[in-house]
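Take a look at the following structure, please.
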Amino acid sequence: MSAEFNPVTATDTVTVPDTGLDEDDTPRRYYDLDETGFREVPKRWRKFYRHWQGPGDELAPNEVICPVCKVVIRSRRELRPGDRVYCMPCMSRLVVVRHPDGHLEAEVVY
Ligand SMILES: [Zn+2]
């Protein structure tokens, strides 16, 4: 039998439009979250948090540190300034802000 026929060649680069456009017009990336052993919250929420490993621990674009308890909060999507996140371990409501050096940080919303 011949293996020449390849039906996917013409259609394998379909791009799906993303409606999550905002400040820089770049579609947000989405992330699959895995549980990392964070036990301070109920099981179903554990994948949204992880322990900060200290200086040298790189934050992903979907992660931000809680300024109150230093836990890393993880989002299903890439974080942008203005996003609101909730730190369940210390019950702080936070808003994501961009610092002059470009990295994202969370500030407490009072
Ligand atoms: Zn916190």
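Numbering of ligands and ligand atoms starts at 1, following listing order.
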Could you check whether R46 pairs with D34 (Lys NZ or Arg NE/NH1/NH2 to Asp/Glu carboxylate O, under 4.0 Å)?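 Looking at R46 and D34, the cut-off is not met.
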
Proximal protein heteroatoms (N, O or S) of the Zn ion (ligand 1), under 2.8 Å: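 For the Zn ion (ligand 1), the protein N, O and S atoms that sit under 2.8 Å away are C66 SG, C69 SG, C87 SG, C90 SG.
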
May I ask you to check whether H51 and Q53 show a side-chain donor-acceptor distance below 3.5 Å?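 H51 vs Q53: no donor-acceptor pair found between side chains.
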
Hey, are R28 and D83 close enough for a salt bridge, meaning a charged N less than 4.0 Å from a carboxylate O?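 Salt bridge between R28 and D83, a charged N being under 4.0 Å from a carboxylate O: yes.
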
Judged by modelled atom types alone, do H103 and D101 share a side-chain donor-acceptor pair under 3.5 Å?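 The criterion, which ignores hydrogens and geometry beyond distance, is satisfied for D101 and H103.
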
Residue pairs, two or more places apart or on separate chains, that pass side chain to side chain donor-acceptor pair (under 3.5 Å) and touch residues 67-76: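 Output for this query lists E63-R74.
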
Heavy-atom side-chain proximity of E78 to Y30 below 4.5 angstrom: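 E78 does not reach Y30 side chain to side chain.
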
